[in-house]
Amino acid sequence: MRASQLYAPTLREVPAEAELISHQYMLRAGLMRKSASGIYSYLPLGIRVLHKIMEIIREELDKADAQEILLPIVQPAELWEESGRWNEYGPEMFRLQDRHQRHFCLGPTHEEIITALVRADVRSYRQLPLRLYQIQNKYRDEIRPRFGVIRSREFIMKDLYSFDRDEVSAQESYRAMYDAYTRIFARCGLKTHPVEADTGAIGGDQSHEFMVLGDAGEDLIVFCPDCGYAANVERAECAPFDSAGEQETLAELEEIATPDVTTVEELTRILKIAPGRVLKTMIYLADEKPVAVLIGGDYDVNEIKLKRAIQCNQLELAGAQTIREVTKAPVGFAGPIGLGIPVYADYSVERIVNGVSGANKEGYHLRNVNIYRDYTPAAILDLREARAGEKCVRCGKVLDQARGTEVGQVFYLGTKYSMPIKAHFVDQDGQEMPFVMGCYGIGVSRTMAAIIEQHHDEDGICWPVSVAPFAVIIVPVSYKDDEQRTAADGIYKILQDAGIEVILDDRDERPGVKFKDADLIGYPLRITVGPKHLKEGYVELKLRSSHTQLLVSIDDVKDQVESILDRIGE
RNA sequence: CGGGGCGUAGCGCAGUUUGGCUAGCGCGCCUGCCUUGGGAGCAGGAGGUCGGAGGUUCAAAUCCUCUCGCCCCGACCA
């Protein structure tokens with residue numbers, strides 16, 4: 001391809017809308033353009049990278065005995081009603097109607113449609129295990145798209161679904177996908193960290209996310225440097241505290257006037273106590289019924305854990321009105337004593353001796369509150385958000401934390417979809433059984449952004465060879481010069497004939513412009529054809545990421561390029 | 001949805017407070033000359049419903065009302 005004909009509109013300046021480095025470079029290097037908030041068009045360089053990533057995915061999945069299919073984007077509401085998710089999914093599902101007012105959605109994910117497909121066509125255990133995948137656009141009407149393609153509304157996802165006859169076999173599928181993911185991301189040049197994860201809207205009971213670490217990440221993970229335990233904070237288990245606690249004698253309950261003191265922070269300042277002494281009392285509406293959550297003042301409630309622990313479908317913080325009804329006081333004076341609703345306590349409260357809580361009375365708090373003596377929770381559970389400094393649940397060492405972006409997630413689903421949708425097969429003994437399923441996603445477009453986050457410098461992108469839009473760019477210092485043109489054309493032909501993806505920058509631009517564009521776009525290897533060395537029959541090879549340079553004779557160019565690409569392609 | 005901000009040429013912005021001639025600047029784009037080892041120089045040129053609609057006024061990018069879009073923070077999520 002000749003650069004003069006390549007549709008790669010580079011930008012000299014940073015578009016105002018882009019904050020993240022990957023977002024900026026994707027726009028500046030001409031990989032994509034925005035069409036609407038969270039919706040992007042890919043230009044030739046962008047789609048070439050995406051194709052590279054998808055090809056790696058295909059190769060690795062096919063090796064793992066998976067087969068590619070293609071499912072529709074527009075899906076009928078009926079299927080979603082069968083699984084119960086038409087109501088469950090919420091406003092991020094794009095819903096639409098056809099001319100007959102029939103209801104459809106733009107697929108945010110494809111469990112329903114594939115389960116229905118397999119239900120219709122797969123009848124016997126002899127056909128299992130079955131692993132089917134597609135690479136398809138998905139739509140989620142995100143509340144707030146951001147970070148370019150990292151959180152967009154339309155995005156490209158690879159999703160795979162496994163169907164097995166029993167749990168043992170399904171766990172093998174899970175393991176095979178986990179291993180395939182490890183290889184896929186490694187081949188893309190990405191360092192990823194698998195962490196235990198919550199299953200969210202997809203459901204199921206076992207899941208890992210593949211995280212790319214970085215400050216730009218939207219997720220928070222905790223990990224144990226010692227035993228390797230790593231989990232999204234949404235999921236990370238917290239250990240109960242050593243029951244010992246403080247060896248204090250229980251003091252007498254005492255009411256104290258605290259007008260206008262409604263936050264833990266103010267309370268600790270005024271009473272000169274540590275936040276860990278405060279019994280923070282949060283009122284939630286769980287499936288529209290009020291419940292109280294009691295947690296140490298130095299912790300935050302993990303609502304995902306709460307939802308799971310008390311087995312409710314809908315959970316939200318109660319409004320001022322409800323709080324007033326329940327606690328007989330405005331927000332900020334709730335406490336566990338005398339509340340007429342279930343009180344769920346986090347592990348962190350069990351050790352609090354002579355604690356401070358709201359008095360359920362405007363302007364008052366209570367001092368020397370003690371569990372079991374003054375109140376008894378309905379249950380003591382793991383409800384808090386994990387964070388650095390906590391004890392690892394596996395080995396007891398101290399946890400560390402980091403931010404990350406999820407590029408892939410694997411779920412063990414069990415029979416969550418096959419049961420309600422009645423997707424059955426006949427087992428060896430003639431019995432009808434629901435498929436035991438798993439599903440596995442990779443955010444393809446997001447992966448591209450993550451690669452840029454990990455491979456760039458101040459001049460632009462430094463693509464790993466495996467996903468580079470083109471491997472090599474030839475830059476003649478002046479294409480108008482006969483000798484340079486002849487030499488550049490010659491090398492171009494040689495490399496093309498060798499099957500190497502190469503760009504010839506034949507534009508009538510000054511060399512600086514061509515160098516800047518080459519760096520910005522990030523071709524792994526640049527061949528400069530210039531007057532300095534051409535007389536002796538040499539050209540320069542420059543590696544984009546390491547900046548190393550070497551002179552090679554034109555006769556050796558092909559061999560050198562091949563061996564360098566081979567070497568840095570590892 | 002709450003809070004904050006922004007819509008003026010392809011990109012980045014000034015002009016809006018205090019209404020006033022043909023709406024500006026830098027980069028990019030086109031033509032010519034010149035130049036060619038890290039975003040050159042000179043000359044000429046094209047490109048605008050000032051996000052949209054309505055209103056006030058002799059006069060609106062500027063004031064008022066409504067509306068649409070975009071960005072950031074938060075709640076939500078892959």
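A note on names: the letters A, B, ... follow the listed sequences, proteins ahead of strands, and every chain is numbered from 1.
When the side-chain contact (heavy atoms from CB on, under 4.5 Å) test is applied to A:P72, the partners found at least two apart in sequence or on another chain are A:I113. Take A:F163 and apply the ring-ring contact (aromatic ring centres under 6.0 Å, His included) test, not counting sequence neighbours, and it matches A:F435.
On the P atoms, B:G55 is 23 Å away from B:C21, given to the nearest whole Å. Taking atom C1' in both B:G48 and B:U8, the straight-line distance is 8 Å, to the nearest Å. Using P as the reference atom, B:G3 and B:C66 are 15 Å apart when rounded to the nearest Å. Nucleotides B:U22 and B:G41 place their C1' atoms 30 Å apart, quoted to the nearest Å. The same atom, C1', is picked in B:G26 and in B:C34; the two are 23 Å apart, to the nearest Å. Between B:G5 and B:U49, the two P atoms lie 28 Å apart (nearest whole Å). Across the P atoms, B:A23 and B:C50 are found 10 Å apart, a figure rounded to whole Å. B:C42 and B:G28 are spaced 12 Å apart, taking the P atom of each and rounding to whole Å.
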Reading nucleotides 45-50 of chain B from 5' to 3' and marking B where a protein heavy atom lies under 4.0 Å of the base, S where only the sugar-phosphate is that close, and - otherwise, the string is ------
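Nearest-nucleotide assignment on RNA chain B puts the 5′-proximal partner with A:P15, out of A:P15 and A:E234. A residue-by-residue look at A:S35 and A:L520 shows that A:L520 has its nearest nucleotide of RNA chain B further toward the 5' end.
The CG-P distance, from A:L43 to B:G10, rounds to 17 Å in whole Å. For A:L11 and B:G39, the CG to C1' distance is 13 Å, given to the nearest whole Å. Between the CD1 atom of A:I39 and the P atom of B:C70 there is a distance of 9 Å, rounded to whole Å. Atom CD in A:E209 sits roughly 12 Å away from atom P in B:C77 (whole-Å rounding). The distance from atom CD of A:E17 to atom P of B:G10 is 15 Å, rounded to the nearest whole Å.
Between A:R235 and A:R308, some side-chain heavy-atom pair lies under the 4.5 Å cut-off. Looking at A:V467 and A:I56, their side chains come closer than 4.5 Å, going by heavy atoms from C-beta outward.
Figure legend: A:R446 and A:F155 shown without cation-pi pairing, the cationic atom not lying both under 6.0 angstrom from the six-membered ring centre and within 45 degrees of its axis. The cationic atom of A:R28 (NZ for Lys, CZ for Arg) does not lie both less than 6.0 Å from the six-membered ring centre of A:Y25 and within 45° of the ring axis.
Side-chain proximity of A:A36 to B:U36, B:C27, B:C70: nearest is B:C70. Nearest to the side chain of A:T528, among B:U36, B:G37, B:G39, sits B:G37.
Judged by distance alone, the side chains of A:R95 and A:Y89 never bring a donor and an acceptor atom under 3.5 Å apart. Between the side chains of A:H208 and A:Y174, at least one donor N or O sits under 3.5 Å from an acceptor N or O. Looking only at atom types and distance, the side chain of A:D141 has no donor-acceptor partner in the side chain of A:Y139 under 3.5 Å away. In this structure, a donor-acceptor pair under 3.5 Å is absent between the side chains of A:D556 and A:Y538.
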Distances under 3.5 Å between protein N/O atoms and the N/O atoms of nucleotides 28-34 of chain B, please, pair by pair.
residue	atom	partner	partner atom	Å
B:G28	OP1	A:R12	NH2	3.3

Which atoms of nucleotides 73-75 of chain B (N or O only) lie under 3.5 Å from a protein N or O atom, and what are those distances?
residue	atom	partner	partner atom	Å
B:C73	OP2	A:R144	NH1	2.9
B:C73	OP2	A:R144	NH2	2.6

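Nucleic acid contact for A:V14: sugar-phosphate only, since backbone atoms but no base atoms lie under 4.0 Å from a heavy atom of the residue. Contact annotation for A:D219: no contact, since no heavy-atom pair falls under 4.0 Å across all strands. Looking at heavy-atom distances under 4.0 Å, A:P9 makes no contact with the nucleic acid at all. Contacts of A:R33 with the nucleic acid, taken as non-hydrogen atoms under 4.0 Å apart, are absent. A:E13 comes within 4.0 angstrom of a nucleotide base, judged by non-hydrogen atoms across all strands.
Within 6.0 Å of atom CD in A:Q311, 12 or fewer heavy atoms from other residues, nucleotides or ligands are found, so the atom counts as exposed in its surroundings.
Within residues 151-160 of chain A, the residues having any heavy atom closer than 4.0 Å to RNA chain B are, in order of number, A:R151, A:S152, A:F155.
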Check your understanding: Should A:K514 and A:D505 be marked as a salt bridge (Lys or Arg N to Asp or Glu O under 4.0 Å) after you check the CA-CA gap, both sets of side-chain angles, and the distance that decides it?
Key -> CA-CA 7 Å; A:K514 292 184 273 197; A:D505 199 339; 5.5 Å; no
Before you tell me yes or no, could you show the steps for A:I57 and A:T447 under side chain to side chain contact (heavy atoms under 4.5 Å, CB included), namely the whole-Å CA-CA distance, both residues' side-chain angles and the distance that decides it to 0.1 Å?
CA-CA 11 Å; A:I57 291 173; A:T447 295; over 6 Å; no
Verdict with supporting geometry, A:H455 and A:W463, side chain to side chain contact (heavy atoms under 4.5 Å, CB included): CA-CA 6 Å; A:H455 299 273; A:W463 290 115; over 6 Å; no
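A donor-acceptor contact under 3.5 Å is formed by the side chain of A:D519 with the base of B:G38.
With respect to A:V477, the side chain to side chain contact (heavy atoms under 4.5 Å, CB included) criterion is satisfied by exactly one of A:T528, A:L534, A:V529: A:T528.
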